[in-house]
K.L.:
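The structure under discussion is supplied below as structure tokens; questions concerning it will follow.
So you know, we letter chains A, B, ... as the sequences are listed, proteins then strands, and number each from 1. Since the model is a prediction, treat every value here as computed from it, not as a measurement.
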Amino acid sequence: MLERKFIVENAAAVKQNCANRGMSCDVDRLVQLEEQRRAKLLEVEELNRKANEFAKSIGKAKDEAERNAKKEEGRKLRDAKDAAQAEHDKLDAEAREVQLLVPNMTHPAAPVGSGDHANVEVRRGKSEVRKFDFKALDHVELGEKLDLFDFEAGARTTGHGFYFLKNDCVLLDLALQRYAVDVLSRHGFTLTTTPDLARQEVLMGTGYNPRGPETQIYSIAGSDLCLVGTAEITLGGMYAEQTIDAEKLPIKLAGISHCFRTEAGAAGKATRGIYRVHQFTKVEMFAFTLPEQSDAMLEQLRDIECDIFDGLGIPYRVIDTASGDLGGPAYRKYDLEAWMPGRGTGGEWGEVTSTSNCTDYQARRLNIRSKRKDEKGTRFAHTLNGTAIALSRALIAVLENYQQADGSVEVPRALQGWMGKEKMTPKV
RNA sequence: GGAGAGGUGGCUGAGUGGUCGAAAGCGCCGGUUUGCUAAACCGGUGUACGGGAAACUGUACCGCAGGUUCGAAUCCUGUCCUCUCCGCCA
């Protein structure tokens with residue numbers, strides 16, 4: 001959410017930014033509504049001031065007759081105030097409705113445009129894309145040989161898009177988590193496991209819409225709780241309504257959670273195997289910073305993601321996401337796309353991580369402030385998030401890149417200790 | 001799940017319809033005194049939004065949302081959270 005004052009004062013820039021991001025929102029109307037609201041607020045405050053003044057004088061009235069006469073007058077003032085307040089609230093609600101649709105501003109260096117061609121590849125990982133001298137299998141085929149997944153049972157118990165991990169895949173899943181946690185711990189992150197459910201309020205605060213036909217979020221009937229789509233939601237909510245001392249910033253959190261996504265409207269998209277599923281586990285990074293620290297923090301989060309995948313020996317490319325694909329809260333976003341040899345006909349890049357600087361967009365909704373001792377007042381903190389390891393996608397990358405001609409899969413060196421073996425071999 | 005108690009400023013804690021944005025203490029900041037430190041004393045000390053060059057000033061906020069009233073921290077309803085006891089359980 002952008003500040004209304006900012007939108008009013010920078011209407012032209014905000015409009016251009018909406019256009020760059022492919023979002024349609026009526027900035028002109030918002031400006032108009034806000035100006036009307038301001039005028040009405042002055043009126044409300046003036047009436048309220050009078051009414052307060054009057055109410056105080058009643059307490060000092062000398063007798064019952066004077067008191068009753070004054071009460072009548074006080075009631076009129078209060079009624080007038082209530083009427084003005086109602087008009088103000090209506091304007092406020094209308095303005096807010098538009099305001100919530102306005103996306104964050106965009107980093108000046110981020111590419112402008114939309115679609116894959118607009119995104120810019122800024123870097124490659126250390127590992128070369130491997131040349132196979134045999135036909136590379138995809139993770140589903142590998143999973144059959146190694147007995148790693150049970151999709152039928154997932155569908156039976158829960159539905160399409162759910163699955164059981166089995167045998168070595170469970171070990172690999174845990175090893176990847178343990179590996180990521182280890183890296184983040186060394187980078188000074190506070191480790192957490194987070195609730196898998198959150199209040200709607202927190203969802204909204206982080207920029208997710210729990211309702212509507214296109215929502216990605218599952219809701220729990222009979223409560224205002226939702227299953228989280230990512231630990232970003234709970235980690236952001238962790239400091240909701242808090243004012244954080246500047247000396248404590250930046251705060252770097254690592255959160256492990258399950259992630260639930262309805263994937264509404266995703267029918268027909270690459271759905272084979274565990275690439276796009278309704279539930280997966282993720283180790284997430286989250287940071288709260290002072291406003292002047294967030295640009296550098298985004299680079300840091302991106303570099304950690306690179307380290308994690310370099311450490312796994314998986315080839316990837318880094319994408320500087322173009323304005324049209326940033327969504328609502330992100331000011332700038334980098335994605336890591338890992339090479340997945342089993343995708344498409346001869347392998348394809350597939351998104352495995354994403355890191356965003358949301359500046360104060362989420363903090364304003366969640367009311368998270370920073371306070372410096374030498375500074376009057378407070379400023380909204382900046383929030384950033386990034387994927388350390390998203391299981392499912394990371395599992396695919398490991399399985400497909402480390403497969404051998406005989407159907408076995410080597411375990412990346414970095415995981416061997418956590419996994420307790422060097423190779424996953426077919427049951428025969 | 002059942003019964004009860006409670007949520008007030010950075011903290012402790014008073015306040016049961018009017019002059020309460022809120023006593024007092026602690027903490028913190030500034031000052032005086034003082035070989036130094038401590039103590040003592042004096043003054044200051046919430047946040048947001050609006051007006052003003054500034055001094056300053058208006059409005060709102062006593063978990064949150066409603067309601068009663070001319071007037072609510074105080075009364076009523078709902079809700080969230082915390083604590084205690086019982087039950088159940090990993």
K.L.:
Looking only at side-chain N and O atoms, does A:Lys371 come under 4.0 Å of OP1 or OP2 in B:rU47?
P.N.:
yes

K.L.:
Got a sec: does the CD of A:Glu46 have more than 12 other heavy atoms crowding it under 6.0 Å?
P.N.:
yes

K.L.:
As a test of reading the structure: which of B:rG50, B:rC81, B:rA60 is closest to the side chain of A:Asn52, going by heavy atoms?
P.N.:
B:rA60

K.L.:
Other residues, nucleotides and ligands only: do more than 12 of their heavy atoms fall within 6.0 Å of NZ on A:Lys371?
P.N.:
yes

K.L.:
Sort by first number and list every stem of RNA chain B: at least 3 consecutive Watson-Crick or G-U wobble pairs, both distances under 3.5 Å.
P.N.:
B:1-7 with B:80-86, B:10-12 with B:24-26, B:27-32 with B:40-45, B:46-51 with B:56-61, B:63-67 with B:75-79

K.L.:
Can you confirm whether A:Arg49 is buried at CZ, in the sense that more than 12 heavy atoms of other residues, nucleotides or ligands lie under 6.0 Å from that atom?
P.N.:
yes

K.L.:
What interatomic distance, in whole Å, is found between C1' of B:rG78 and the corresponding atom of B:rG13?
P.N.:
28 Å

K.L.:
Go through B:rA60, B:rG18, B:rG50 for me and flag the one nearest to the A:Asn48 side chain.
P.N.:
B:rA60

K.L.:
What's the closest nucleotide to the A:Ala55 side chain, out of B:rU59, B:rG50, B:rG18?
P.N.:
B:rG18

K.L.:
Surrounding CZ of A:Arg364 (heavy atoms of other residues, nucleotides or ligands, distance under 6.0 Å), is the total greater than 12?
P.N.:
yes

K.L.:
Please tell me which of the listed nucleotides, B:rC70, B:rA60, B:rG50, lies nearest to the side chain of A:Leu42?
P.N.:
B:rG50

K.L.:
From the set B:rG18, B:rU47, B:rG50, return the single nucleotide nearest to any side-chain atom of A:Thr378.
P.N.:
B:rU47

K.L.:
Pick base, sugar-phosphate or nothing for A:Lys50, based on heavy-atom distances below 4.0 Å to the nucleic acid.
P.N.:
nothing

K.L.:
If you assign A:Arg49 and A:Lys5 each to the RNA chain B nucleotide with the nearest heavy atom, which residue ends up on the more 5' nucleotide?
P.N.:
A:Lys5

K.L.:
Angle between ring planes, A:Tyr316 versus A:Phe309, binned at 30° and 60°: parallel, tilted or perpendicular?
P.N.:
perpendicular

K.L.:
Side chains of A:Gln16 and A:Asn20: do they bring a donor and an acceptor to under 3.5 Å?
P.N.:
yes

